[in-house]
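One structure is given below, encoded as structure tokens.
Values below: all heavy atoms of this structure, side chains included; hydrogens, waters and symmetry mates excluded. This chain uses plain numbering: 1 for the first residue, then up along the sequence.
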Amino acid sequence: PDVVVLAFFANDFEDNMKSGLFGLDSKIRLVEKKYEHIPGVHIQNFIYRIPLMQWLSENSYFYSLFFNSTWKYFKLKFAEQAAVQATANDKTPAASTSRFEFAVPTSATHSDYQTELAAALIERVQRFCTNKGIRFIVVDIPMMPSLYHFSSSMPPALRAKLDMAHIDYIASESFLQKFDGVAEMHVPHGYNHISEFTHTLIAEELGRRILLSGVTARQ
């Protein structure tokens, strides 16, 4: 491709830990730990073999509420286990001197380890893209403190690391700040994903940057 876009959301910090695919060594270098992470897929495939279950999954709000609530509970448990395991398995000097805090953070804060891991993973994508001559852009997908307001998914510590690595990223305030308090930036129901309005602003900013860089899609 000409361009690779990474949409970064706040739960990526937790998901990076939960998957256990990568970790950091004593020199804060990215290391591969395993090569598969498909939690719940076998259970889901089994459920869908039961008559009517797939229809319910596509048509029943009650089923979706039950399934997603159950999955959310186990996601939290997976995250807690990943944090405990990371602490138990890390015997490096960094761990012994509390270089990293592995505790599962609140939704508004992230541990040093999570920030370092996220930055290392993004830098890995950048190196691959650079070697292939691909433009790489990271987009900050905003969180929702309230329906008409937003907050960034990228804390200052992560932004600083992306700046040091010369990674091009689009901060959420660059396209949402002037609409703060006056437009619905997230949908009001369900899991409050970003609205069509926010999607449009992201697409517009991506298009502007791609056109300014002189990159055009191959026909």
Side-chain angles (χ1 to χ4, degrees), residues 3-19 57-80 83 101 103-119 121-122 125 135-163 165 167-213:
V3 181
V4 167
V5 177
L6 171 65
F8 187 90
F9 188 61
N11 64 2
D12 288 335
F13 290 105
E14 178 184 307
D15 288 342
N16 292 338
M17 293 282 292
K18 188 168 67 241
S19 71
S57 72
E58 296 171 352
N59 295 276
S60 169
Y61 283 114
F62 177 77
Y63 175 92
S64 297
L65 177 63
F66 174 78
F67 185 88
N68 288 327
S69 297
T70 303
W71 178 234
K72 184 176 181 179
Y73 169 80
F74 281 105
K75 280 178 65 176
L76 178 60
K77 291 299 180 183
F78 290 153
E80 291 174 347
E101 293 295 335
V104 177
T106 67
S107 59
T109 61
H110 309 286
S111 68
D112 290 343
Y113 185 90
Q114 287 178 311
T115 301
E116 296 279 6
L117 180 59
L121 286 166
I122 294 173
V125 180
R135 174 80 182 276
F136 177 51
I137 306 173
V138 180
V139 177
D140 171 20
I141 304 298
M143 297 184 290
M144 188 191 84
S146 64
L147 190 60
Y148 292 92
H149 299 279
F150 74 98
S151 60
S152 172
S153 287
M154 298 172 61
L158 179 60
R159 293 191 187 195
K161 292 184 178 299
L162 299 189
D163 287 334
I167 293 175
D168 188 9
Y169 65 88
I170 300 175
S172 55
E173 58 267 23
S174 68
F175 56 88
L176 281 179
Q177 190 63 59
K178 63 183 178 181
F179 301 105
D180 193 31
V182 297
E184 287 191 0
M185 299 176 183
H186 292 76
V187 295
H189 303 294
Y191 282 83
N192 303 120
H193 292 286
I194 58 175
S195 65
E196 182 180 356
F197 174 73
T198 301
H199 275 97
T200 301
L201 294 180
I202 291 173
E204 180 184 35
E205 180 60 18
L206 277 169
R208 186 186 69 82
R209 293 201 185 194
I210 292 170
L211 290 174
L212 284 176
S213 70

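Remark: Thr200 OG1 to Ile194 CD1 distance equals 9.5 Å, nearest 0.5 Å. Here the CG atom belonging to Asp168 is positioned 5.0 Å from the CZ atom belonging to Arg209, to the nearest 0.5 angstrom.
Using modelled atom types, no side-chain atom of Ser152 and backbone atom of Ser172 make a donor-acceptor pair closer than 3.5 Å.
In terms of heavy atoms, Ile210 sits closest to Arg135 at CA-NH1, 4.2 Å. The shortest heavy-atom contact between Pro155 and His110 is CG-CD2, 4.0 Å. Across Asp12 and Ala7, no two heavy atoms sit closer than the pair OD2-O, 3.8 Å. Contact record, Ser153 with Phe13: O-CE1, 3.6 Å, taken as the closest heavy-atom pair. Summarising the geometry of Thr115 relative to Leu158, their closest heavy-atom pair is CG2-N, 3.9 Å, with the distance given to 0.1 Å.
Side-chain contact between Val3 and Leu206 is absent, with no heavy atoms from C-beta onward closer than 4.5 Å. Side-chain contact between Ile167 and Val125: absent, with no pair of heavy atoms (C-beta onward) separated by less than 4.5 Å. Residues Leu162 and Met154 are in side-chain contact: their nearest non-hydrogen atoms beyond the backbone lie under 4.5 Å apart. A 4.5 Å side-chain heavy-atom check between Thr198 and Leu176 finds at least one atom pair inside the cut-off. Counting heavy atoms from C-beta outward, Pro142 and Met185 have side chains that stay 4.5 Å or more apart.
Listed by chain and residue number, nothing satisfies the salt bridge (charged side-chain N to carboxylate O under 4.0 Å, His left out) test with Asp180 (two or more places apart in sequence, or in another chain). Not counting sequence neighbours, the partners of Ser57 by the side-chain contact (heavy atoms from CB on, under 4.5 Å) test are Tyr48, Gln54, Tyr63. Under the rule for a side-chain contact (heavy atoms from CB on, under 4.5 Å), the partners of Asn11 that lie at least two apart in sequence or sit in another chain are Phe9, Asp15. Phe136 pairs by the ring pair (Phe, Tyr, Trp, His ring centres under 6.0 Å) definition with nothing, not counting sequence neighbours. Here Arg208 pairs with Glu205 under the salt bridge (charged side-chain N to carboxylate O under 4.0 Å, His left out) rule; sequence neighbours left out. Take Ser151 and apply the side-chain contact (heavy atoms from CB on, under 4.5 Å) test, not counting sequence neighbours, and it matches Met143, Pro145. Looking at residues two or more places apart in sequence or on another chain, you find a side-chain contact (heavy atoms from CB on, under 4.5 Å) between Leu147 and Met144, Glu184, Pro188.
For the ring pair (Phe, Tyr, Trp, His ring centres under 6.0 Å) condition, no pair includes a residue of residues 141-162, sequence neighbours left out. Judged as a ring pair (Phe, Tyr, Trp, His ring centres under 6.0 Å), the pairs with a partner in residues 167-193 (not counting sequence neighbours) are, in order, Phe179-Phe197. Screening residues 140-157 for salt bridge (charged side-chain N to carboxylate O under 4.0 Å, His left out) gives Asp140-Arg159 as the qualifying pairs, with residues at least two apart or on separate chains.
Other residues, nucleotides and ligands place no more than 12 heavy atoms under 6.0 Å from the CD atom of Glu196. At most 12 heavy atoms of other shown residues, nucleotides or ligands fall within 6.0 angstrom of atom CD in Glu204.
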